Every structure is written in structure tokens, then in C-alpha cells.
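Scope of the values below: all heavy atoms of this structure, side chains included, with no hydrogens, waters or symmetry mates. Nothing here was measured: the structure is a model prediction, and the numbers come from that model. Each chain gets a letter, A, B and so on, in the order its sequence line appears, and its residues count up from 1.
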Amino acid sequence: MSKDPLGDLKSSFANEVNSVARELGSSGHFSPLQVSIVQRDRSSYGLPVGFKLAKELGKDPESAAREVLNRLDLRKVAYASEAYVDRGYLNLRVERGRFFRDIIRLASSEELGIGERKGSTLMVEHTSVNPVHPLHVGSGRNALIGDSFSRILRFLGWDVRRHYLVNDCNLQVAILAAGRSKLRDLRPKGKIDHWFGLIYAISNASLEIWKAKRGIASDSKIEDWIETFERVRRVEPELERVGELSEEEVISLLRSYQKGEAVEMFREVAESVLEGFLSTLGRMGIHYDQFDWESDLIWKGWAERAVRRLEDSGYLGREEGAIYVDLWRAVREREDVRRVFGLSEEEIAKIEEEGRLGEVVPRRFYLSRSDGTWLYTGTDVAYSLYKFEGIGVEACYNVIASEQSLEQRGVRACLALMGYDPDRLVHLSYEMVNLVGAAMSGRRGIYVTLDEILDEARRKVEEILRGRGIDDEELSEISEKVALGAVKYALISVSPNKVVQFRWERVLNFEENSGPFIQYAYTRALSIIRKAGEVPKDYDPEELRSEIEVSLIQMISEFPERVRSAYQLMRPDIVAIYANDLASLFNKFYETHPVINAARREERDARLNLVWAVKGVLGLSMDLIGIPRLEKM
RNA sequence: GGGCCCGUAGCUCAGCAAGGACAGAGCGGCGGCCUUCUAAGCCGCAGGUCGGGGGUUCAAGUCCCCCCGGGCCCGCCA
């Protein structure tokens with residue numbers, strides 16, 4: 001039994017039309033996805049059959065469509081009651097009763113759109129923030145997209161593993177560890193990741209000031225670093241005792257750690273900051289199945305294993321002790337590597353002829369430094385090998401900012417050279433979040449943290465709820481859930497490939513087009529059901545015939561294909577927008593269609609079932625984007 | 001210079017993958033609706049050369065080409 005009546009209708013309709021078209025000698029091939037609702041009557045679905053076949057059949061669109069109509073076997077089309085031609089379209093009227101009943105049944109039992117078990121495991125790696133400062137709004141976007149996408153995959157039937165890569169083996173963590181080592185005797189204050197974030201900022205400042213004194217180039221102006229140092233000192237005066245950090249001591253610390261020394265020093269900072277992350281992420285309902293430590297990948301030999309595999313492939317090179325992969329040669333000689341860069345053999349040849357290969361493909365992909373320490377790219381390649389050889393997942397989605405797309409291509413190229421299909425590693429790319437005034441800078445301690453956003457949203461909800469006679473415990477629970485809904489929706493309702501400007505008014509919006517708006521519609525539906533006592537099993541779906549009622553069912557029926565789109569396009573925002581649209585339509589229904597006090601018993605029973613169905617699909621959508629359901633608000 | 005992404009109403013964004021039957025929401029603005037299932041709601045009004053130009057097509061916001069504007073990347077950083 002399918003969990004997608006509309007999908008059944010569309011595929012059987014398209015199949016039948018295609019088979020008739022073939023009988024008529026046409027090659028015209030329609031996809032089920034082209035079947036669209038007829039806006040003006042909302043109970044027909046159509047295909048532009050006439051236009052497509054007119055030329056092939058040598059007829060005008062209207063007659064071509066009629067020709068198909070005459071041969072159509074409606075018994076082969078799910079839920080079909082009648083077919084007709086309208087201005088070149090071949091339309092199908094659905095048998096409302098059965099169609100509505102099936103949709104309402106599946107929606108209210110919350111099975112609508114659930115995929116069959118696939119029996120294979122997909123991995124989603126997300127968040128993976130350097131453990132050096134608190135999670136900010138950009139990391140939040142990553143975590144929310146990753147978490148939501150995981151939920152979507154699971155809903156569609158895959159086994160999903162959510163992994164977090166703890167990047168503890170890079171210079172950033174070494175800077176923090178170096179700073180912390182100068183402040184050994186200090187006890188953390190406040191939320192631990194925030195405290196370490198301050199140490200990180202002042203350590204960077206002190207390192208950059210040290211560099212400036214010696215005339216070593218830096219990304220930012222020295223004034224900015226002095227400002228950073230002063231700013232942190234004002235917040236936490238004792239941190240100035242970090243003193244001066246030299247580049248040598250930072251690098252030598254990193255070298256020791258990668259060799260398996262100074263372990264406690266690194267693990268203390270990384271684990272502390274991670275602990276802070278997990279408290280924030282847990283608050284947001286985001287959980288992981290496994291944490292993979294970058295350092296473990298090195299110590300347990302995955303990095304060496306990856307290098308051996310690349311060595312065997314023949315594309316590994318060494319220069320002054322640094323290890324790299326020869327991407328130019330790989331892209332010239334290997335089809336799979338070319339695919340990673342989206343280039344054909346002919347295109348490469350042409351580009352080479354014009355002498356522009358360097359513009360399109362980086363010459364080398366470095367995995368380690370001359371001093372023998374691993375670069376992030378190196379451990380990332382090691383991690384990829386671990387994912388497929390160590391764990392054995394079918395495919396892995398890396399939720400990583402778009403600014404790393406070139407690095408991701410490098411990793412995928414290495415995966416190909418290690419003998420795996422590079423398409424099994426998918427870069428789920430998203431654009432960054434900007435602050436309106438200043439650019440965010442983790443190193444300088446300039447960011448809006450997820451914690452403060454959640455707290456601020458919560459304060460605003462409490463303000464709204466105060467004086468409504470809700471007891472403290474309930475008020476606290478509702479405020480937290482509504483705040484989460486607001487923040488999550490704000491970050492997830494935008495297409496991942498759009499840059500987001502962070503605005504407080506966006507995360508604090510509780511009106512239409514917000515998490516709370518969806519949650520509100522959900523509680524309204526729930527409240528009707530609660531007051532009604534029970535939803536009668538016996539009802540007549542034909543009672544649902546107003547424009548809004550029919551539109552609601554239509555929208556509910558589209559839920560499965562929306563979820564599939566969100567999966568295929570890797571866009572959880574599609575589900576978020578869907579939930580908002582459904583909530584909006586339900587609110588219009590709510591205003592104009594009394595349910596419990598409906599004029600007739602039959603009407604009441606049918607509407608109750610519809611409300612139940614809305615509640616189910618709204619609830620499922622909320623689950624998929626991680627917006628908490630609540631009983632009351 | 002090259003690669004990727006974005007450009008739709010004053011602002012924030014859907015619609016583009018898969019061309020089709022009237023360009024849509026929200027916010028902001030203005031004006032209405034709480035003795036009836038929660039007003040975090042609903043209704044109405046105003047607001048558009050879908051960045052520009054070519055092309056393909058019976059049909060282009062959607063596909064192709066060129067151009068303009070913006071973001072990110074092109075490190076032995078991550």
C-alpha cells in the first residue's frame with residue numbers, strides 16, 4: 001500500500017498517457033512530476049498533452065489531446081473518475097471521496113509520505129565546528145540544515161548516522177591550547193565555551209601582536225588586534241596574563257599533539273568547548289550518533305593509510321617533506337577526477353591548449369606541511385577513507401559552507417584516487433550568515449552566539465505569555481519551545497544557497513512566516529480535537545467541498561513530493577516553507593469554518609477528520625525541520 | 001582573470017530542478033474584525049519593465065548565450 005496517493009495518481013496518469021502516446025506513434029514522454037493541479041477547479045490534474053503531441057501527430061493541440069483522450073484507459077489511473085480536454089490540456093478529474101479518504105487516513109495516522117526502508121546507511125556529517133569559541137549563528141545554520149536533512153533522510157527510509165568531526169588538530173586549537181597553558185591556574189567562569197572563546201580571542205590577539213613586532217604579515221590590521229586584546233581584557237581582566245604567544249610555540253605544540261604528546265592540554269580545551277556546544281545543540285534538539293576526533297584519525301593510522309592509497313594510485317607527490325596530490329595529472333588522466341571538477345576530456349584538452357588549466361583546477365592539493373604536521377585537507381581525506389572503508393556507509397553528505405567547495409572537490413578527487421566513486425561523497429553546501437554591521441570573526445571574538453539568540457527569543461516569548469494565567473513550569477516549557485521554533489525557522493526557511501543577513505527582527509518574528517506561527521496553527525488544530533473529544537471514524541469526505549477545504553486536502557496530498565524535493569535538492573527550507581503555507585491555509589480555514597459548532601453533524605465529522613489530518617502533516621513537517629510540537633501556547 | 005552562488009513588490013523571500021492554464025507570500029504602510037473551536041490569528045487596500053539584452057519554443061520568471069551588479073573561493077589557513 002502506497003503512502004502517497006497523489007504520487008500514485010500522477011505516476012499512473014503519466015504512464016497511461018505515455019503508453020497511449022506511444023500507440024499513436026509519438027515519443028512524447030511525460031514525467032509524473034509534470035502533472036499539475038488545475039488551479040480553477042482544484043480537483044483535476046492535467047498534462048499539456050496537446051501541445052507536446054500536436055507536431056508529431058500533425059494536428060492542432062486540441063485534436064491531438066482528444067486523440068489521446070479517446071484511447072485513455074481510466075481504469076489504469078489511480079483515483080480517476082473522468083478525463084476531459086481543455087485548451088490543449090488533458091485533464092483528469094479525481095474521484096474525490098476515495099482520494100480524500102486515503103489522504104486523510106494517511107495524514108492523520110502520520111504515515112503520509114513515509115518511505116519504505118531502504119536497508120542502506122547514509123551518513124550526514126554536520127556542524128563540525130572548530131572547538132575554539134561558542135557556536136554562532138553561522139554554525140547554527142550548519143547544524144540545523146544537517147539535522148533537518150538527516151531527519152528527512154530517515155523519514156524517507158534510510159538508516160542515517162549523524163557524525164560530528166571534532167577538529168582538534170589544527171593551528172586554531174593549538175592557539176587556544178597555548179593560551180590556556182599560560183592561564184593554567186584560572187578556573188572557567190560562566191558557560192565554558194564562552195569562556196574559552198575569550199581566551200581564544202585574546203590568544204589570537206597576543207599572537208598577532210607578537211607577529212607584528214617582528215614584521216610578520218597578518219590578515220588583519222594590528223590596530224584591530226590591539227582592540228581585540230583590550231576588549232577581552234575589559235570583559236575578563238585576568239586573561240591579560242596570557243602575555244605573548246609566539247608562532248613557534250603554537251606550531252611546536254601542534255606538532256607534539258599530532259605525534260600523540262601534549263594530549264591533555266589539547267583535549268582539555270577541545271572537550272571543554274565541545275561540552276559547551278553540546279549543551280547548546282542539545283537545547284536545540286540536535287543530537288549525534290558519533291563524534292570523530294581528528295586526532296584519532298591520525299593516531300589510529302587513517303591518515304597514513306590514505307597516503308599509502310594515494311601513493312599506490314601514483315598521483316602522490318612530495319616537496320620538501322610536504323605531501324600533495326598532483327591534481328593536474330589526475331584530471332588529465334582520470335575520468336572520475338574530471339567528473340569531480342565537472343569537466344569532460346575535451347574540455348580539459350581545450351583548456352590546456354589555451355594554457356588555462358591552472359585557472360580551473362589547482363595544480364596541487366596539499367595534505368601536509370613540510371614539518372610533517374597534517375593539514376585539515378589531509379585529515380579530511382583520511383576521514384573520507386574512514387567513512388567508506390572504516391564505517392562502510394553507502395554515501396555521506398558533508399554539510400559544509402560553500403566557501404569550502406574547492407577543498408571539498410580536492411577531497412572528492414582524493415577519494416576517487418583511493419578507489420571509491422567520488423559521487424558517494426556529497427558536499428551539501430550552504431552560504432554563510434552575515435552580521436549587518438560588522439563581519440563575524442571567530443578569531444577576534446566578534447559573533448552573535450546561538451546561546452544569546454535563544455535566550456533573547458525566550459525572553460520575548462515570556463513577555464508575551466506573562467499575565468495569561470499560565471503557571472511557571474508550563475510557561476517555562478512553552479517559552480523554550482516557542483523560542484526554539486522561532487530561531488530554527490528563521491535559520492532554516494531560507495534556501496541554503498542564499499546568503500543570510502542576520503537580523504534580530506527575523507529571529508524574533510512570531511507572526512506569519514515564523515516558527516511560532518506554525519506552532520500556533522498546530523496547537524489550534526490540537527485544541528479543536530481535544531475539545532471535540534474524539535474524531536469519528538465514520539464520516540463522508542464528500543462533505544469537504546468548500547474552496548478552502550479542498551485546497552487544504554490538496555496541500556496535504558502534496559506533502560510527500562515536497563519532502564522528496566527537499567531530499568533531492570538538499571533543501572530543508574522546502575519543508576519549512578511548506579509548513580508555513582499549510583499553517584497559513586489552516587488559519588484561514590479556522591476563521592471561516594466552525595468545526596465543533598458546525599451547522600450539521602455530517603459537516604462536523606468530516607471537518608474534524610480534516611483537522612486531524614492537518615495536525616498530522618503539520619506535525620510531521622515540524623518534526624522534519626526540528627520545530628517542537630506543543631499542546632498549548 | 002577563472003570557478004561556484006545570488007539578483008522576482010520599499011524590505012525579506014517562495015516559484016526556476018521537471019517551460020504550460022492569472023507572478024505569489026510575509027514584513028513594513030493604510031483601513032477593518034475578539035459575547036461563538038486560542039487575535040502569536042483573520043479580512044481588505046496600496047505596491048512588479050521577474051537585473052538588462054539576444055535566442056530556442058505554439059508557450060520563458062523557468063531553458064541557452066552575452067552583458068551588468070553583489071557575495072564567496074582560487075594558502076604548506078580552516
Does the distance from a Lys or Arg side-chain N to an Asp or Glu carboxylate O, for [X] and [Y], drop under 4.0 Å?
X       : Y       : result
K498(A) : D573(A) : no
R459(A) : E456(A) : yes
E431(A) : R141(A) : no
E474(A) : R468(A) : no

| message | On the side chain of D41(A), is there an atom forming a donor-acceptor pair with the base of A21(B) - under 3.5 Å, no angle test? | response |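 Absent.
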| Do S370(A) and C76(B) share a donor-acceptor pair, side chain to base, under 3.5 Å? |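 Indeed, a donor on one side and an acceptor on the other fall under 3.5 Å apart.
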When you measure from the side chain of [X], which nucleotide among [options] comes out closest?
X       : options                : value
I577(A) : C42(B), A21(B), A14(B) : A14(B)
R506(A) : U12(B), C76(B), G41(B) : U12(B)
S495(A) : A14(B), G2(B), A18(B)  : A14(B)
R524(A) : A21(B), C76(B), A39(B) : A39(B)
Y366(A) : C76(B), C73(B), C37(B) : C76(B)
E591(A) : U38(B), A18(B), G41(B) : G41(B)
Y376(A) : A40(B), U38(B), A78(B) : A78(B)
M432(A) : G71(B), G41(B), A21(B) : G71(B)

With a 4.0 Å limit, can you tell me whether [X] has a side-chain N or O closer than that to the phosphate oxygens OP1/OP2 of [N]?
X       : N      : result
R318(A) : C76(B) : no
K498(A) : G71(B) : no
R468(A) : A40(B) : yes
N497(A) : C6(B)  : yes
S527(A) : U38(B) : yes
Y520(A) : A40(B) : yes
R364(A) : C74(B) : no
R356(A) : G3(B)  : no
R571(A) : G15(B) : yes

Pick base, sugar-phosphate or nothing for [X], based on heavy-atom distances below 4.0 Å to the nucleic acid.
X       : result
L569(A) : base
Y590(A) : base
V482(A) : base

| request: Would you check if the distance from the ring center of Y376(A) to the ring center of W374(A) is below 6.0 Å? | output: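 No, too far apart.
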| query | Do the rings of F149(A) and Y567(A) sit parallel, tilted or perpendicular, given the 30° and 60° boundaries? | reply |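 Taking Y567(A) first and then F149(A), their aromatic rings lie parallel (interplane angle under 30°).
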| Does K55(A) have any salt bridge (charged side-chain N to carboxylate O under 4.0 Å, His left out) partners at least two apart in sequence or in another chain, and if so, which? |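 Counting only residues at least two positions away or on another chain, K55(A) forms no salt bridge (charged side-chain N to carboxylate O under 4.0 Å, His left out).
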| field | By salt bridge (charged side-chain N to carboxylate O under 4.0 Å, His left out) - contacts of R255(A) (at least two apart) | value |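 Scan of R255(A) (salt bridge (charged side-chain N to carboxylate O under 4.0 Å, His left out), adjacent residues dropped) gives D371(A).
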| request: Answer yes or no for R364(A) and Y324(A): cation-pi contact, defined as NZ/CZ to six-membered ring centre under 6.0 Å and angle to ring axis within 45°. | output: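 Yes; both conditions hold, so R364(A) lies above the ring face of Y324(A).
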| Between Q501(A) (CD) and G70(B) (P), how many Å, whole number? |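 Atom-to-atom, Q501(A) to G70(B), this comes out as 15 Å.
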| E431(A) CD to C5(B) P: how many Å, rounded? |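 In whole Å, C5(B) P lies 10 Å from E431(A) CD.
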Give me, pair by pair, the N or O atoms of the protein and of nucleotides 55-61 of chain B that are less than 3.5 Å apart, along with how far apart they are.
residue : atom : partner : partner atom : Å
C58(B)  : OP1  : K55(A)  : NZ           : 2.6

Tabulated below should be each protein N or O lying under 3.5 Å from an N or O of nucleotides 22-31 of chain B; please produce it.
residue : atom : partner : partner atom : Å
G26(B)  : O2'  : E512(A) : O            : 3.1
C27(B)  : OP1  : E511(A) : OE1          : 3.4

| Start at the 5' end of RNA chain B and walk down; is the nucleotide closest to N170(A) or to I37(A) reached first? |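 The answer here is I37(A).
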| Tell me, which stems hold RNA chain B, with a stem being 3 or more Watson-Crick or G-U pairs in a row and both distances under 3.5 Å? |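 RNA chain B stems, ordered by first number: B:1-7 with B:68-74, B:10-13 with B:24-27, B:29-33 with B:41-45, B:51-55 with B:63-67.
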| said: Restricting to side chain to side chain donor-acceptor pair (under 3.5 Å), what partner residues turn up for R356(A), sequence neighbours left out? | reply: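 Here the qualifying residues are E354(A), E359(A).
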